Each structure stands twice: as C-alpha cells, then as structure tokens.
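To keep things clear, I will list the structure first and then write my remarks on it.
Proteins get letters first, then strands, A, B, ... in listed order; numbering begins at 1 in each. Note that this is a predicted model, so its numbers are computed, not measured. All values below were derived from every heavy atom in this structure, side-chain atoms included, with hydrogens, water molecules and symmetry-related copies excluded.
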Number of protein chains: 2
Amino acid sequence: MSEPRYQLLARELSAAIAGDRYPAGSMLPSEVDLASRFGVSRATVRAALDILEHRGLVQRRRGAGTTVLKPGDHPGFGQTIGTIEELIQYARDTRRIVHSVKTIIADIELADRLGIAPGSRWLRIRATRSVPGTRERPICLTDTYVLPELADVRQRLANETLAVCDMIERDHEIVTESIDQQLQAVLVPREAVSLLEAEAGGPALRILRRYYATDGRLFEVTDSLHPADRFAYRMSVTRARRLDHGETDS
Amino acid sequence: MSEPRYQLLARELSAAIAGDRYPAGSMLPSEVDLASRFGVSRATVRAALDILEHRGLVQRRRGAGTTVLKPGDHPGFGQTIGTIEELIQYARDTRRIVHSVKTIIADIELADRLGIAPGSRWLRIRATRSVPGTRERPICLTDTYVLPELADVRQRLANETLAVCDMIERDHEIVTESIDQQLQAVLVPREAVSLLEAEAGGPALRILRRYYATDGRLFEVTDSLHPADRFAYRMSVTRARRLDHGETDS
DNA sequence: TAGTGGTCTAGACCACGCC
DNA sequence: GCGTGGTCTAGACCACTAC
C-alpha cells in the first residue's frame, strides 16, 4: 500500500539503533531472528539491512553476524567522511541571503534529479551564502527542499544563519541521522550567473545532499552550486579499526 | 565457485551494452525474459540490474521497462563511488593504461599543488582508466606520485589492475592510515584533451588524494581528472552519535 | 558442529505505463 | 488488458566464523 515493508523495517531498526536499544559495537539479532520477530521473510530483512549497511550504520560479516557501527568506524576506508557537525559549522560561518521561497510539486525531471517521489510537494528555498563582512561574491547558490509539514522554517530564515536542517532539528522532533551526498563537476548555468556573480561556463561544483532522520525519513534535500574558484571540498578518511574481537593478522 | 551469478550477469550485460548490442536509448529485455535467457531466477537478474542501475548504466521504470542510458545523460549522476569496496571493485572493473613512468623532482608549482616538499623526488605514473572491452573514452586520467624507494611498483603496473596503494601495501611494510582528499571542479585542460578524448573547457572533477602511512609518512599522492559526464562522487555522512563508554576502546 | 550471512530458486501479488 | 518493474514469501544450499 503505502510504504514497502523493508523500508519500514529499516526505519524501525534505524530508530532502535538511535534509541540505544542496539548501541554501537553491539550485535543485531540474526536475520532469521529478525524475520520471525517482525513477521516478514528473510529476504525482506535483508533488503532492510542493505539500506542500513549502505548508510554505514551496520557491518555484516558472513558467519559472524551484523554489528552496529560507530560513525567513523567503518570497514576498510569508510564511506563516512567527515561529520555532520563539520557541515553545520560551515553554515554557521556564512551568511544566508534568501532570494525566493515557494511550494513546488516535483515533476519527473526534478524527482529524478533529486531522488524524490514524483508528484510530491516540497517547500523550495533558494538562497546564496556569503562570507560576512566582505564584499566578496557569494560562495554558493543553494536550493533547499523541505517537507511541507516543516514549512514553518521559513519564519526563521531571515533572522538566523543556521543550516536549515539545524533549525528543523530544534523546532521539530527530528534528528539528522545521515546525509547522502553526491558531488559533480558542472559548468555555471546561465540562470545562476546573476545570483552568483559568476561567469557562465566556468567550472563549478554541484553538491546534492539528502538528509535522513533517525526514523529513516527523507526530510530535506539541498542542491548547491559552488563556483570552483570559491570552494573546494576537503575531507580526511581514516582507516577503521575492526570492531570484532579477533586481532588483526600480520 | 568464485563469482556469484548476479555479478557475472552484471558483467555480461555491461559488456553487451558496451559492445553496442544494447545501444544507448534502447530497451533491455524484460527481467523475466533475461531470467529465462540466462537460465537464472528473476531475483538474480534483479540483483544484476541493481548493479547496473547503481553504476548509472540503465534506468528502470515500473510498468515501462529498463532503458540503457547515454553516458552524460543520466537522470541523476553518472558513475558513482560510495565505499572503498566500490573503489576497489571500480579498479577491478576498469583497465589501467599506463602512458608514462618517470622520476620527477617537485618544483615550486607542483609542490604547492600536491602539498609535497619542493625539491623532493617522486616516481610519477601517468595512466588512464577505461572500461575494458569497449571503445568508450577513458573514465579518468590519473597522475600517481610515489616515493622513490617504492619504485618497484612499476614492475606490477602491467600485470595488475589493482590500485597502486594496494600493491604498495602488499609489497612493503606499509599500512595506509589515512587519506586526505580534496575535490575541486575544473575545466578540462588542453594537455589532457587527447588522453581523455574530452573537450577542452568541459567540466571535470579533480580529486587529489594524499596517502599517509601509520608512521605518518606521506608515501603516495594521486591527482585524478574525471570528465564530469563519466563520474560523480557519492558518499554518506553520519551523525556522530554519543559515545557511551570510553571513546575508542581497543 | 551450530549458527551466521551470501546466494539462489520458483513461485506470487501489486502498482504502474502503455495501448 | 497486458506486460513491466517493485515487493514479498518460503523454502534451499553454501561459505564462513565461532566455539
């Protein structure tokens, strides 16, 4: 009907992990166990665990079981690079200038581009960010899409420099659990030229971010355009320690 | 049995697409059709298609079918890499073509660009990576710089498709502790045009990686140029959860 | 050896797009 | 209506890990 069971199950498990029912380092019940507990087939459990694994919440090892991971403690070199706090700090240090706020319905093209459901309603906030106290040109142009029920963030836009997801966290019972991020090189499109004070056809970094709450819900999507000369993305990846008991062979 | 059937099937389909049996814009056979053709179950076909879809080679639409995408015309992004496992798989699935190997001494400009000491000596390996069995253009142009004392990796370049840092880890007492990574949008420079078969001035993603060993030594630097239509960078960022007991227990 | 996750099968029903 | 992909089930065997 509405939501697939494996998604629902992923949300419940993700909430249970966030709620410390399964703390970092502990083991999740086995797949057959989860299947019987939730009254679903093992395939459904596996589909749910696929989601959690992809989000970096758990690690699965054949013959051993499924472990809840600490963020930053990922097998090999983790997909988790940096922290949300770092992203938020970036927002705190810059000033937002809102250019338009508007309710939109996602057409096929936008839905594909953002990875959201076609026909779904979102509040779109179009803004630029600048370094305060300078006459420098803006660092980026960002379209922020939030669920309609969170639309009251628009009251706060004017007075606060916080990231939108930060404001949402404070006003609603929402905690950001993970962010999916995609980076791509593009050329500055004509429509962005005047807002960014950039040259059309210059190099720019496009960053698409999808914000997931602890209950697994996608509640915010941002689509940012950074002219290359004003922004580079830096990150550090550290080798993860194994969570298991066995020592590292040599 | 080494390789799972769904992986093998993914490779065969991917090769068939590359070999123009299913050209861009055309439809793949239906899932049931593929299942009976290859003598596997539909679930196995779906697992294979999941891989192709995730790589951005095909697009699936319920009720409509599976379409082969044109590179550069993807609904979201092109090739994406999320985890190191994928990076390794990426290396395994692509062919390295070495164009030159040469000892260089870093001048001021290079030292600045790579973050290494001016006047230091490095072995530079210039190579492209392509999807094997196709006449597609290369995915990236990479300059790999390694310390002179690790120069014996050059013997392995021809026979192995592994990442250079992987080969170094195996041959020497070096373990990669962390990687500093920097992403930047640039335009394809004239010097890269012929090797990449790309248009000068087109958008490209430049990824600079610095590899540090456990003793803190910088032993490898890579400088990659990915034309935007052939690559996007994907990652997941996780909220730093509260640490219950001691922080990094051993 | 017992239990785990990884793979695979052969069915089934559904929502959706197209004719 | 019909075929498509999306979801789901109830089995099965295997490779691997822990004990």
Using a cut-off of less than 4.0 Å, is there contact between a side-chain N or O of A:Tyr6 and OP1 or OP2 of D:dT7?
yes
Would you mind reporting whether B:His226 and B:Ile139 have side-chain heavy atoms less than 4.5 Å apart?
yes
Side chain of B:Arg60 (C-beta onward), nearest among C:dT4, D:dG5, D:dA10:
D:dG5
Which part of the nucleic acid, if any, lies within reach of B:Arg42 when heavy atoms closer than 4.0 Å are counted: base, sugar-phosphate only, or nothing?
base
Should A:Arg5 be listed as having a side-chain N or O under 4.0 Å from OP1 or OP2 of D:dT9?
yes
Taking B:Pro23's backbone N and O only, do any of them form a donor-acceptor pair with B:Asp20's side chain (distance below 3.5 Å, no angle check)?
no
Looking at the side chain of B:Val32, which of D:dT4, C:dG5, C:dT9 is the nearest nucleotide?
D:dT4
With a 4.0 Å cut-off on heavy atoms, is A:Arg46 in touch with a base, just the backbone sugar-phosphate, or nothing at all?
base
Taking 4.0 Å as the cut-off, does a side-chain nitrogen or oxygen of B:Ser30 come that near to OP1 or OP2 on D:dT4?
yes
Can you tell me if B:Ser41 touches the phosphate of C:dA10, counting only side-chain N or O atoms and a distance under 4.0 Å to OP1 or OP2?
no
Rounded to the nearest angstrom, tell me the gap between atom CG in A:Leu8 and atom P in D:dT7.
13 Å
note: B:Leu9, atom CG; C:dT9, atom C1'; distance rounded to Å ~ 15 Å
Of all the nucleotides listed (C:dA15, C:dT9, C:dG5), which has the minimum atom distance to the side chain of B:Thr44?
C:dT9
What is the separation between atom CG on A:Leu49 and atom C1' on C:dT4, rounded to the nearest whole Å?
12 Å
With the threshold set at 4.0 Å, does a side-chain nitrogen-carboxylate oxygen contact exist between A:Glu220 and A:Arg210?
no
note: A:Arg61, atom CZ; D:dA15, atom P; distance rounded to Å ~ 19 Å
